[in-house]
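A, B, ... follow the sequence lines: proteins, then strands. Residue 1 opens every chain.
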2 protein chains.
Amino acid sequence: MVTIKQVAEYAGVSVATVSRTLNDSGYVGKESRRKVEEAIKVLGYYPNEVARSLYQKSSKMIGLLLPDISNPYFPLLAKGVEDYAQQNGYMVILGNVEDNADKEDMYVKFFSQYNISGVLSAASGKRKNNDRVPYVLLDRALEEENYSISTDDRLGGKLAGQAILESRGQNIIVMAGPRHVSGANDRLSGALSVLNAAGASYRVFETETFQVDRAEETAQRLFDTFKSFDSVIASNDVYALAVMKEAIKRKYRIPEDIQIIGYDDMLFSRLMYPGLTTIAQPAYEVGFKGAEMLVNLIEKKVIIDKKVKLKPELIRRDSLR
Amino acid sequence: MVTIKQVAEYAGVSVATVSRTLNDSGYVGKESRRKVEEAIKVLGYYPNEVARSLYQKSSKMIGLLLPDISNPYFPLLAKGVEDYAQQNGYMVILGNVEDNADKEDMYVKFFSQYNISGVLSAASGKRKNNDRVPYVLLDRALEEENYSISTDDRLGGKLAGQAILESRGQNIIVMAGPRHVSGANDRLSGALSVLNAAGASYRVFETETFQVDRAEETAQRLFDTFKSFDSVIASNDVYALAVMKEAIKRKYRIPEDIQIIGYDDMLFSRLMYPGLTTIAQPAYEVGFKGAEMLVNLIEKKVIIDKKVKLKPELIRRDSLR
DNA sequence: ACTAAATGTGTAATCGGTTACAGATTGAGG
DNA sequence: CCTCAATCTGTAACCGATTACACATTTAGT
């Protein structure tokens with residue numbers, strides 16, 4: 001690796017001058033600048049970020065904490081983060097924390113060992129942000145006064161409820177996601193508020209997990225528990241799919257006999273037959289805007305909103321009448 | 001942040017002694033060790049990796065280059081990498097390179113600026129590995145003599161071909177993935193070898209991309225191009241799904257009229273109705289073993305196989321007769 | 001022409017670790 | 001009791017950058 005010292009030597013100036021040229025800081029004479037630029041080009045020099053970040057006590061890296069990369073929602077979010085970061089000269093460090101507070105702590109410690117300049121967290125943990133590092137919450141707006149980007153899940157729930165009402169759902173099953181996921185509660189309460197206002201008749205089906213492997217079994221249980229219903233508001237697309245599969249297996253027609261609405265809009269939701277009507281969450285945008293907010297925080301720019309809520313959107317396909 | 005200097009001071013020894021205690025290197029007296037450990041505990045000290053890596057010219061970070069995180073195959077792979085890394089004290093830096101050689105170069109440069117100790121790449125680019133950093137290829141075993149972990153795609157293709165033959169495919173369409181993806185070629189040639197050996201009649205349908213948004217359109221084109229066929233070997237699960245959807249839309253029954261086999265085994269493949277029979281790729285394992293190989297390379301342990309090929313597996317569900 | 005401000009440059013300290021080297025102490029063997 | 005090796009420990013150099021400070025040289029203003 002070529003160092004600043006070698007550049008200085010080649011250019012016939014001191015390392016300070018090279019550094020000033022690199023960072024456009026302080027005064028640098030015309031001729032010196034030319035010689036330094038020449039040397040940099042000839043030697044193919046680029047600065048060592050480790051040395052830089054040792055002195056600055058901060059590197060151009062941001063940490064991204066995810067509860068589960070294999071859940072299809074998060075890769076999209078990660079892509080948004082990565083795109084913004086990359087465009088602004090930051091690197092993303094990935095941490096898969098699996099709803100495990102210890103793992104989360106471990107990562108936060110790791111991060112600080114590497115002088116990471118900020119953290120983006122979609123993980124559940126309520127960190128007491130005693131470390132001075134900028135922290136932005138993704139998709140988990142807690143009550144406290146921290147920065148966050150999230151989807152308006154209550155609105156999403158309302159949208160789903162409205163869509164079902166508009167397509168004349170009479171006998172509705174509302175699947176409630178796990179209680180400990182705050183977004184799931186908001187969706188439920190949003191949906192119920194609309195249903196209640198319209199005086200519709202519905203029943204709530206509790207599911208205790210978002211785990212994919214349990215989806216099929218849960219769908220079976222739903223059909224076994226409730227005899228007759230004509231509409232299902234699923235807690236997410238994976239469950240919607242499982243319900244759809246079970247419905248078709250049991251010879252119901254979709255949407256004629258049973259209509260279904262999902263939540264998330266995963267890529268396969270439109271590849272189903274019939275296409276799944278669902279509430280799209282702007283996962284990519286959550287990631288992108290989260291990264292933007294974090295970088296602004298790091299670079300101490302003004303931030304208008306501490307808490308940004310993005311709007312979900314109804315995607316009409318064929319699983320509603 | 002508490003530094004080694006403060007620890008030394010508190011313990012009443014020199015920084016060298018603290019460092020020796022931390023790294024179990026050189027001689028450290030019993031009493032000194034005790035005092036240092038005490039001080040570390042009291043002060044809550046943990047070493048700054050940036051400083052360490054500046055001197056060592058290598059950090060405990062590995063770079064992971066992915067062509068597209070939003071493609072559902074890669075998150076699983078990433079999880080495998082992340083799990084192994086985390087268990088062995090390494091951090092993972094994510095780079096989404098999108099089949100873009102410039103972006104890949106940019107990342108490799110980024111990585112070297114951060115003294116990254118190794119790179120795991122699932123990206124297409126054939127890097128002239130002139131940098132001395134350990135490099136392991138994931139799922140892209142090139143001819144050259146570099147390290148790699150990949151799936152035996154030829155075998156996967158054969159498995160698919162055999163499965164179709166066993167379920168009495170008469171008139172087979174084989175979808176060829178993009179030519180520039182080496183794995184896609186291997187699958188194709190594997191499938192064809194089996195089909196040829198059996199003297200089966202088939203036609204090859206070329207697709208030029210693995211992009212998800214093009215899947216539906218491609219499936220329509222397939223049906224428009226070929227009048228009659230009873231079996232499809234799809235280039236991956238997304239395409240298999242799109243073909244299934246189009247088939248159902250056109251009132252074909254699956255698997256009675258048309259049977260379909262996919263490739264990858266994505267999570268939604270079993271949530272379809274009918275469940276998609278497919279060739280499962282051990283994505284998680286590719287990631288995990290790749291990380292293992294890389295870490296062994298970094299730590300200069302002996303490596304038995306430079307090129308590891310993992311076996312794909314047939315997952316029987318309901319889309320074959 | 002004379003002073004003050006603006007500009008240009010190099011030396012050395014600093015960031016927080018690791019380690020070569022030297023000097024001190026202890027212990028074993030003769 | 002002496003010698004030599006083994007064991008401990010501290011000082012200082014080093015990793016590759018940034019920057020405070022001192023000093024030199026221009027430039028501007030009167």
Checklist entry - Who pairs with A:Asp264 by side-chain hydrogen bond (donor to acceptor under 3.5 Å, both in side chains), at least two apart in sequence or on another chain? => result A:Gln281
Item to check | B:Tyr27 side-chain proximity, nearest of C:dG17, C:dA12, D:dA6 | outcome: D:dA6
Checklist entry - Which part of the nucleic acid does B:Gln56 contact within heavy-atom distance under 4.0 Å: base, sugar-phosphate only, or nothing? => result sugar-phosphate
Next on the checklist: What contact category does A:Val13 fall into here, base, sugar-phosphate, or nothing, at under 4.0 angstrom with non-hydrogen atoms?
Outcome noted: sugar-phosphate
Next on the checklist: Over all strands shown, is A:Lys57 touching base, sugar-phosphate only, or nothing at heavy-atom distances under 4.0 angstrom?
Outcome noted: sugar-phosphate
Item to check | Side-chain donor or acceptor of A:Asn100 paired with backbone N/O of A:Asp102 under 3.5 Å | outcome: yes
Next on the checklist: What I want to find out is whether A:Arg33 reaches A:Asp24 closely enough, with some N-O distance under 4.0 Å, to be called a salt bridge.
Outcome noted: yes
Next on the checklist: Does the plane of the ring in B:Tyr284 sit parallel, tilted or perpendicular to the ring in B:Phe288? Use 30° and 60° as the thresholds.
Outcome noted: parallel
Checklist entry - Hey, does B:Val50 reach any base, or is it just sugar-phosphate, or nothing, if we go heavy atoms under 4.0 Å? => result nothing
Checklist entry - Are A:Ser112 and B:Tyr46 close enough, and set up right, to give a side-chain hydrogen bond (donor to acceptor under 3.5 Å, both in side chains), and what steps lead you there? => result CA-CA 10 Å; A:Ser112 91; B:Tyr46 51 98; 2.8 Å; yes
Checklist entry - Between C:dT18 atom P and B:Asn48 atom CG, what is the distance in whole Å? => result 10 Å
Next on the checklist: Measure CD1/A:Ile4 against P/D:dT19 and give the value in whole Å, please.
Outcome noted: 11 Å
Next on the checklist: Both B:Lys5 and A:Val15 contact DNA chain C. Which one's nearest nucleotide lies toward the 5' end?
Outcome noted: A:Val15
Checklist entry - Around A:Glu98, counting heavy atoms of other residues, nucleotides and ligands shown, do more than 12 lie under 6.0 Å from its CD? => result yes
Item to check | Polar side chain donor-acceptor pair, B:Asp68 to B:Ser70, under 3.5 angstrom | outcome: yes
Next on the checklist: Using whole Å, what does the distance between atom P of nucleotide D:dG16 and atom OH of A:Tyr46 come to?
Outcome noted: 13 Å
Next on the checklist: Side chains of A:Asp139 and A:Tyr73: any donor to acceptor distance under 3.5 Å?
Outcome noted: yes
Checklist entry - Between B:Arg52 and B:Glu49, is the closest basic N to carboxylate O distance under 4.0 Å? => result yes
Next on the checklist: For A:Arg34, is there an ion pair with A:Glu31 - N to carboxylate O distance below 4.0 angstrom?
Outcome noted: yes
Item to check | Side-chain N or O of A:Thr17 closer than 4.0 Å to phosphate OP1/OP2 of C:dG8 | outcome: no
Next on the checklist: If you take any heavy atom closer than 4.0 Å to DNA chain C, which residues from residues 29-43 of chain B end up in contact?
Outcome noted: none
Checklist outcome for this item: To the nearest angstrom, the CG-C1' distance between B:Asn115 and D:dG16 comes to 10 Å
Checklist entry - Where along residues 19-26 of chain A does a heavy atom fall under 4.0 Å from DNA chain D? => result A:Ser19, A:Arg20, A:Asn23
Next on the checklist: Tell me the interatomic distance from A:Leu54, atom CG, to D:dT19, atom P, rounded to whole angstroms.
Outcome noted: 13 Å
Item to check | Side chain of A:Ser14 (C-beta onward), nearest among D:dT11, C:dT11, C:dG16 | outcome: C:dT11
Checklist entry - What is the distance, rounded to the nearest whole Å, between atom OH of A:Tyr55 and atom C1' of D:dT18? => result 5 Å
Checklist entry - When the distance from CD of A:Glu9 to P of D:dA17 is rounded to whole Å, what number comes out? => result 14 Å
